[in-house]
Amino acid sequence: MQITRTLQELADYLGGVVHGDGAVRVSGLAPLDNAGPDKVTFLANPKYAAKVAETGAGGVLMAPGNERYGRNVIELANPYLGFAKLLTLFYTAPHPALGVLEGATVGSGTTLGEGISIYPGAVVGNNVGIGDRTVIHPGAVIYDGVTIGSDCVIHANAVVRERCRIGNRCKLQPGAVIGSDGFGYAPDGSSYYPIPQIGIVVLEDDVEIGANTTIDRAALEVTLIKRGTKLDNLVQVAHNCRIGEDCMIVSQVGIAGSSTIGNHVTLAGQVGVVGHVSIGDNVIVGAQGGVPGSLAGNAYYSGSPAMPHKEWLRTMGTLPKLPEMRKKLAELEKKIVGLEARLAKE
Amino acid sequence: MQITRTLQELADYLGGVVHGDGAVRVSGLAPLDNAGPDKVTFLANPKYAAKVAETGAGGVLMAPGNERYGRNVIELANPYLGFAKLLTLFYTAPHPALGVLEGATVGSGTTLGEGISIYPGAVVGNNVGIGDRTVIHPGAVIYDGVTIGSDCVIHANAVVRERCRIGNRCKLQPGAVIGSDGFGYAPDGSSYYPIPQIGIVVLEDDVEIGANTTIDRAALEVTLIKRGTKLDNLVQVAHNCRIGEDCMIVSQVGIAGSSTIGNHVTLAGQVGVVGHVSIGDNVIVGAQGGVPGSLAGNAYYSGSPAMPHKEWLRTMGTLPKLPEMRKKLAELEKKIVGLEARLAKE
Amino acid sequence: MQITRTLQELADYLGGVVHGDGAVRVSGLAPLDNAGPDKVTFLANPKYAAKVAETGAGGVLMAPGNERYGRNVIELANPYLGFAKLLTLFYTAPHPALGVLEGATVGSGTTLGEGISIYPGAVVGNNVGIGDRTVIHPGAVIYDGVTIGSDCVIHANAVVRERCRIGNRCKLQPGAVIGSDGFGYAPDGSSYYPIPQIGIVVLEDDVEIGANTTIDRAALEVTLIKRGTKLDNLVQVAHNCRIGEDCMIVSQVGIAGSSTIGNHVTLAGQVGVVGHVSIGDNVIVGAQGGVPGSLAGNAYYSGSPAMPHKEWLRTMGTLPKLPEMRKKLAELEKKIVGLEARLAKE
């Protein structure tokens, strides 16, 4: 069944203002280029402002101050956010409450909230708590003593090990592993004795974890991911790390043990952070960066070892000149020897 | 039961020509060094040509133009390919058609081809289509609305999320994830609003995906991997990427969102590609390379940021000389100051 | 039920010597800073030696030669190892023998040792051998013909493919994949023919494998991880590699095909090793290093391409000076031209 809404209804939903005909009815979203009259589109990048004149869309989300070209417009401060919210409205539906389906296993002492769904092949251990409307997909495994909040989605074959705690509205993509043993060994002559990892992992509310990402439990206490932080696929977070609020940790980043990341930090793809360091609030580290020590906040770093981004740009711009510089250096040396010889003769 | 074949049968199978006794019967393959008379061996690397004289093998696959040393030989253009095809012939068997085994779950509206096998612990959702002779191993999870072609192998604990489409003769290694949500968030003040990822992933025919590799579904449309492309283990492909035909994407490569890779491209291990760029046909990027922008085709690049491979070799060869160069530069500067002083005095 | 022990009992257990009151009874471990009288603590880092004076702990593990500040002390050569062993004593318990739980699948011809536990959702194939006291967690999949030793832990959703062999006291973290097909293809014109990977993986005793780590089976023979070696999360080991004894392979390391690693080697996070090379015993490669060729043993390397660590430190220290060096070089060149001109005039 297709959902339809008037532009006025959408404006009310998003807290925007209609210019033009608010009674126009739309049934979904489409890009500026190929939206028909039953679709709403959006202008987020000023580069495309002129396309508004040509679009066939029934309505356009845009920020105040843009030329409307006589279109029906919903004006709002953040049209990209509006677009995302309408995607949710038009194309997603609350998961039906299926209960515990045949082929799922639920242990003893476990409490399940209202409206939950637990699929075949999912295994939920003993003394687990699962909040309202949370969905556990096939093959996901929740060990004993875990708590998971409300409105979470645990995708297929994700694993949450014993006693870890997951907040509300968290999402684990398929294959994510929460609470694997930290990589801790005590040297014993030439071999290694495994140190029991008896801590846990805590994910606060609104944390999302990518596919096949791994977050190790703490040795003794807590590996912590704070509210709103998002981890992409194949990220590694080692034991005892603490990651702040609203961070974006992009795919294949690795963070070694006991490091602390501030709030609103972005680590781009394949960044590595050594252990026992601290990264300040609002830091950005560029792709493939290597962080060998603590980084002050409110700055953009790149490179391995990481340096301020502008310095890195200059350095990398010069790097390919290095062979030529070496040649030039040898030439200059020869010339200087020549000059010295001539001066000595005189 | 051991398979045996005559050299003539093998030559016919491979499209090669026998020199020597085609009636010799062999039962398998072995390296030049330790093959017995009931084994066939192969010469692919000219470096080992002299070993043909010594081998105990019943037959040798080789390219035309090599010295045969009186051996029974099957001559063919590509002996390494012939070796691979004989491995398949001697050592692999079609999977028996086991049907839906007890402990497997298959949803409603799902159609299964002939000769399929679905193992215990596998969960196939509703309205899925699975082609002939496809095998779904234990713990693999196929969400609703997926289609999978014929002669595919979905290994244990691999996951294919809703509505993704997989061609014929595709293989997913264990733990591979197809169709996880793309990493897309709209900034909302200091926090992030998750953008629904309503697109899909399409794998064309003959695509193979490595263990624990992750391929994100598109935001709106399609993340596409074209015919014949092979991805190694732990590779990350972000949403909306398009990878061409017959590419080799080696382990731990990461490709950020909306990037396009041409045909017959090789990305070596741990390469990173930023988002929204394009890589031309027949490109090779060396291991640990970082691709910060689009790359023209038919070329070999290395380094991070990536540069033409030969330039990179020269640069990396010079890099360890950098401290010495700096010292030299200071010396020359001092000498020049001295020369200038002497000239000023004169 | 809380375990308690006297200091004398603990000293006997660890092979240490009590100084002070060996009758003091403790029930667990805590850090120097916040240990109460019922806890034992430890001094491993000499930096914290003065804290012993202030600690409220009932006992302190320390190496001989430290100031005891009148505390009850257990003296032993390796207090960190002692701490790890007491963690095991106080906080871990042998897994109860649960047998084959309902919802688990065990194939035919499979032999199970005494005291094993196989959880719901685990699938063990045909002709598998599993040793005493081994635990197979939910969703783990053991293919046909595998052997697993005694006292192993196979965590949730780990996969061991056909015919691989796992020693005693091995641990697989969740999602680990042992025996996926090696990435081997024979070029066939512009496309690639998959080479059957008919070898196996062998893990010797006391090997531990991190979450979502992948170890490919050999093309023909064996991918080998020797006794006591530990692999962290998201590590890739390609086909035909051989890794020696007591190595530490940190997260996100990738080792390409047919490479050989010696004994007691440490590869730090995100290191890449190319194929067909050899790394000597006791080598350390620093984080994000790239190993392009064989490395002699008993040395510490860093960088990509890897060089001796001290050389790399000097090079990286100089790298940010590169733009300034280039500018200086241009200045000196100009000065030399000036000097030459002046000399020519004279």
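We name chains A, B, ... by the order of the sequence lines, and we start the count at 1 in each one.
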* Taking every heavy-atom pair that is under 4.5 Å apart, which of C:G228, C:P174, C:G210 has the most such pairs with chain A? -> C:P174
* Looking only at atom types and distance, does a side-chain atom of C:T213 sit under 3.5 Å from a main-chain N or O of C:I209, one as donor and one as acceptor? -> no
* Asked: Hey, do the aromatic rings of C:Y301 and C:H309 have their centres closer than 6.0 Å?
  -> no
* Asked: What part of C:T88 lies closer than 4.5 angstrom to a heavy atom of chain A: side chain, backbone, both or neither?
  -> both
* To do: Output the option from A:S190, A:A140, A:G254 having the highest count of non-hydrogen pairs under 4.5 Å with chain C.
  => A:S190
* Structure fact -> Between A:S259 and A:H276 the two heavy atoms that sit nearest each other are OG-N, 3.0 Å
* **Part of A:L339 within contact of chain C (heavy atom distance under 4.5 Å)** => both
* Between C:D232 and chain A, which part of the residue has a heavy atom less than 4.5 Å away: side chain, backbone, both or neither? -> both
* Heavy-atom distances under 4.5 Å only: say whether A:M325 touches chain C with side chain, backbone, both or neither. => both
* **Salt-bridge criterion met for C:D151 and C:R169 (N-O under 4.0 Å)** => no
* **Identified salt bridge (Lys or Arg N to Asp or Glu O under 4.0 Å) counterpart of C:E333 within the set A:K335, A:K327, A:K328** => A:K328
* **Residue among A:Q288, A:Q236, A:Q270 satisfying side-chain hydrogen bond (donor to acceptor under 3.5 Å, both in side chains) with A:Q252** => A:Q270
* Asked: So which part of A:A238 gets closer than 4.5 Å to some heavy atom of chain C, the side chain, the backbone, both or neither?
  -> neither
* With a 3.5 Å cut-off and no angle check, do the side chains of C:D206 and C:N168 form a donor-acceptor pair? -> no
* Portion of A:V253 that has a non-hydrogen atom of chain C nearer than 4.5 angstrom -> backbone
* Structure fact -> Cut-off 4.5 Å, heavy atoms of chain C, and the answer for A:Y143 is side chain
* Asked: At a heavy-atom separation under 4.5 Å, does C:L319 approach chain A through its side chain, its backbone, both, or neither?
  -> both
* Just give me the residue among C:S251, C:P31, C:A44 that pairs up with chain A most often, heavy atom to heavy atom, under 4.5 Å. => C:S251
* Asked: So, do A:Y192 and C:H264 have ring centers that fall under 6.0 Å from each other?
  -> yes
* salt bridge (Lys or Arg N to Asp or Glu O under 4.0 Å) partner of C:E245, the single match among C:K226, C:R227, C:K230 -> C:R227
* A:V291 versus chain C, the contacting section by heavy-atom distance below 4.5 Å -> neither
* To do: Report the relative orientation of the aromatic rings in C:Y80 and C:F83; use parallel for angles under 30°, tilted for 30 to 60°, perpendicular for over 60°.
  => parallel
* Asked: Non-hydrogen atoms of chain A under 4.5 Å away: do they reach the side chain of C:L101, the backbone, both or neither?
  -> neither
* **Segment of A:L322 engaging chain C (4.5 angstrom heavy-atom cut-off)** => side chain
* Asked: A:L220, A:D216, A:T105, A:V274: which one forms the most heavy-atom pairs within less than 4.5 Å of chain C?
  -> A:D216
* Residue C:L231 versus chain A: region with a heavy atom under 4.5 Å -> backbone
* Answer with side chain, backbone, both or neither: which region of A:S191 has an atom nearer than 4.5 Å to a non-hydrogen atom of chain C? => both
* **C:Q173 side chain to A:D181 side chain, donor-acceptor N/O pair below 3.5 angstrom** => yes
* Centroid-centroid distance, C:Y119 to C:H95, less than 6.0 Å -> yes
* What residue, out of A:P187, A:P196, A:S304, has the most heavy-atom pairs lying under 4.5 Å from chain C? -> A:P196
* Asked: Which answer fits C:K85, side chain, backbone, both or neither, if we ask what part of it has an atom under 4.5 Å from a heavy atom of chain A?
  -> both
